[in-house]
2 protein chains.
Amino acid sequence: MTRLSFRQKVLASREEAIVSTVMRLLAEKGFDQMTVDEVAADVGIAKASLYKHFASKEALAAAAMVQALGLALDQVQAQQAVAGASAMDRLQAITRWTLQTQLAGAMPTLPAENSALRNALIAHRGYMDRLMTLSDDLGAWIVQAQADGAIDRNLPPEAVLFTVYARACDPVLGFLKAGGRYSDEQIVDWVMSSCFNGLAARP
Amino acid sequence: MTRLSFRQKVLASREEAIVSTVMRLLAEKGFDQMTVDEVAADVGIAKASLYKHFASKEALAAAAMVQALGLALDQVQAQQAVAGASAMDRLQAITRWTLQTQLAGAMPTLPAENSALRNALIAHRGYMDRLMTLSDDLGAWIVQAQADGAIDRNLPPEAVLFTVYARACDPVLGFLKAGGRYSDEQIVDWVMSSCFNGLAARP
DNA sequence: GTCTATAAGAGGATAGAC
DNA sequence: GTCTATCCTCTTATAGAC
């Protein structure tokens with residue numbers, strides 16, 4: 001019993017290691033550029049062993065996306081727990097976390113293009129459940145922030161939600177970081193400002 | 001002489017047809033998902049014939065990007081010619097054109113990730129020349145708009161430039177279009193507003 | 001320059017021993 | 001479950017006839 005449990009833990013932690021590697025590689029190169037050989041080499045096991053844990057490359061990516069969504073949901077929970085924060089405060093906090101995570105190279109890029117991956121994700125219950133939960137939570141904040149007059153009421157909540165999601169794969173962060181002249185914190189501040197305050201000067 | 005010229009025109013127009021097809025496919029699926037077989041089939045010639053015109057898949061993509069940058073530079077020229085327009089007006093006009101072009105499926109996506117393509121583009125003189133010219137032109141508008149007090153002076157011009165470039169591959173347009181409930185014009189208006197005015201309500 | 005046919009190789013997935 | 005070795009498909013690129 002103890003031995004079995006121990007073995008299970010070893011296996012579980014190995015799967016965690018796999019998912020972590022996949023998440024990093026997805027953030028680094030995207031789904032197409034990431035090869036299964038590379039994942040296996042990085043984790044330090046044979047490729048065939050990978051396929052004992054995950055049925056396909058798409059399943060591998062889906063597991064990483066589920067993990068990423070789980071982290072986002074944790075952040076939402078953390079923000080819900082902050083007393084006295086407005087909906088706008090919470091929305092900005094989660095957006096900031098998203099930018100920081102992307103800049104740290106730990107945010108797998110969303111695949112708007114690839115159909116094989118898209119279909120796999122749509123068919124993945126855990127992924128879709130988390131995505132919908134996250135969208136519902138953020139959607140509620142957005143509606144509330146609009147009621148508060150903090151978010152532009154002319155924008156449909158949908159558009160605001162997509163805009164926040166899109167920041168998770170905004171190439172501006174990478175462009176500014178590539179220059180090497182600014183700190184991560186400075187970059188995040190600028191993107192936060194352009195996202196919420198806009199490029200145009202405020203009176 | 002006449003016959004030679006005619007043949008040259010036929011060849012040139014064939015190359016134009018190739019480049020147009022590549023530009024459309026790049027916008028549709030991205031560099032990785034686009035196959036050379038597909039390009040050849042779409043143009044209606046054999047794949048080997050494609051390689052008589054362009055040395056590699058990267059060269060094919062580079063030609064399409066050069067064409068796209070050329071169209072953008074044409075837009076810049078057109079805006080320069082508008083009398084009485086402020087730098088901010090011009091910046092918004094070119095941004096709007098970028099969004100409309102992407103929504104029309106005619107804007108090849110910039111490849112921040114793929115290294116093979118990146119290197120090919122960086123090594124491509126025509127591409128780099130156009131990119132730098134465009135950046136210089138837009139950069140001048142941005143600096144002027146900041147001097148006018150129209151663009152937020154706290155943002156470095158670089159960040160504003162990258163933000164405008166990033167709109168060319170903003171997934172928000174596709175998300176909103178996928179819903180099918182809004183007109184292209186409406187979608188462009190919302191993204192323009194969130195880009196320049198920000199998500200936060202203006203007083 | 002255009003075609004058909006094919007080389008060359010990358011990458012996802014599996015067989016079978018242990 | 002892990003390994004080595006292999007299969008097989010897809011895709012880039014070229015050979016060689018016309």
Side-chain angles (χ1 to χ4, degrees), chain A residues 3-19 21-22 25-26 28-64 111 113-121 123-124, chain B residues 3-19 21-22 25-26 28-64 111 113-121 123-124:
Chain A
R3 186 153 164 247
L4 189 64
S5 173
F6 175 72
R7 286 182 59 186
Q8 285 177 335
K9 278 182 189 168
V10 168
L11 287 181
S13 77
R14 170 145 297 177
E15 291 205 354
E16 278 174 29
I18 294 171
V19 172
T21 297
V22 171
L25 288 176
L26 275 184
E28 219 171 88
K29 339 178 63 174
F31 182 74
D32 291 329
Q33 298 290 315
M34 179 186 80
T35 70
V36 177
D37 292 82
E38 197 177 8
V39 174
D42 256 49
V43 176
I45 63 176
K47 181 163 56 167
S49 303
L50 261 191
Y51 279 96
K52 295 289 181 179
H53 291 280
F54 299 93
S56 66
K57 186 186 178 185
E58 281 76 20
L60 219 45
E113 353 161 1
N114 188 306
S115 60
L117 180 54
R118 257 194 91 75
N119 294 338
L121 288 177
H124 194 293
Chain B
R3 184 152 165 248
L4 189 63
S5 173
F6 174 73
R7 286 183 59 188
Q8 285 177 336
K9 277 182 192 171
V10 169
L11 286 181
S13 78
R14 169 145 296 177
E15 291 206 354
E16 277 174 32
I18 294 171
V19 171
T21 296
V22 171
L25 288 175
L26 275 183
E28 220 171 87
K29 339 178 64 174
F31 182 74
D32 292 329
Q33 299 289 316
M34 179 187 80
T35 69
V36 177
D37 291 82
E38 199 176 7
V39 175
D42 257 49
V43 176
I45 62 176
K47 182 163 56 169
S49 303
L50 262 191
Y51 279 97
K52 295 288 181 179
H53 291 279
F54 299 93
S56 66
K57 186 185 177 185
E58 281 76 20
L60 219 45
E113 352 160 2
N114 189 306
S115 60
L117 180 54
R118 257 194 90 76
N119 295 338
L121 289 177
H124 194 291

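Note that the coordinates shown come from a computational prediction; the quantities given were computed from them, not determined experimentally. We name chains A, B, ... by the order of the sequence lines, and we start the count at 1 in each one.
- Taking each heavy atom of B:Leu117 and B:Ala61 in turn, the nearest pair found is CD1-CB, 3.8 Å.
- Projected onto DNA chain D by closest heavy-atom contact, B:Ser56 and B:Lys52 fall at different nucleotides, the more 5' of which corresponds to B:Ser56.
- Checked against salt bridge (Lys or Arg N to Asp or Glu O under 4.0 Å), B:Glu16 has no partners two or more places apart in sequence or in another chain.
- When the salt bridge (Lys or Arg N to Asp or Glu O under 4.0 Å) test is applied to A:Glu38, the partners found at least two apart in sequence or on another chain are A:Lys29.
- For the pair B:Leu25 CG and D:dT11 C1', the computed distance is 15 Å after rounding to whole Å.
- Taking CD from A:Glu28 and OG1 from A:Thr21, the interatomic distance works out to 10.5 Å, rounded to the nearest 0.5 Å.
- Regarding B:Met34, its CE atom lies at a distance of 12 Å from the C1' atom of D:dT12, rounded to whole Å.
- Under the side-chain contact (heavy atoms from CB on, under 4.5 Å) criterion, B:Lys47 pairs with B:Val36, B:Asp37, B:Ala40, B:Tyr51, not counting sequence neighbours.
- Contact check of residues 40-49 of chain B against DNA chain C (heavy atom, cut-off under 4.0 Å) returns B:Ile45, B:Ala46, B:Ala48, B:Ser49.
- Spacing between atom CZ of B:Phe54 and atom C1' of D:dT14 amounts to 18 Å, rounded to whole angstrom units.
- Across A:Val43 and A:Ala17, no two heavy atoms sit closer than the pair CG2-O, 4.4 Å.
- Side chains of B:Lys57 and B:Met34 form a contact here, defined as non-hydrogen atoms less than 4.5 Å apart.
- Expressed to the nearest 0.5 Å, how far NE2 of B:His53 lies from CD1 of B:Ile45 amounts to 5.5 Å.
- Extent of DNA chain C lying under 4.0 Å from chain A heavy atoms, first and last nucleotide in 5' to 3' order, is C:dG11 to C:dA15.
- Counting to the nearest Å, the C1' atom of D:dT11 and the CD atom of B:Gln33 are 12 Å from each other.
- Rounded to 10 degrees, the angle between the two end axes of the helix from C:dG1-D:dC18 to C:dC18-D:dG1 is 20°, with five pairs used at each end.
- Among all heavy-atom pairs drawn from B:Ala55 and B:Ala59, the shortest one is N-CB, 4.1 Å.
- At whole-Å resolution of the value, OH in B:Tyr51 and P in D:dA15 are 13 Å apart.
- Residue B:Lys57 is in sugar-phosphate contact alone, with no base atom involved, counting any heavy-atom pair closer than 4.0 Å across all strands shown.
- Note that the CD1 atom of B:Ile18 and the CG atom of B:Leu60 stand 7.0 Å from one another [nearest 0.5 Å].
- Expressed to the nearest 0.5 Å, how far CZ of A:Phe31 lies from CD of B:Gln33 amounts to 9.0 Å.
- Counting to the nearest Å, the P atom of D:dT6 and the CG atom of A:Asp37 are 16 Å from each other.
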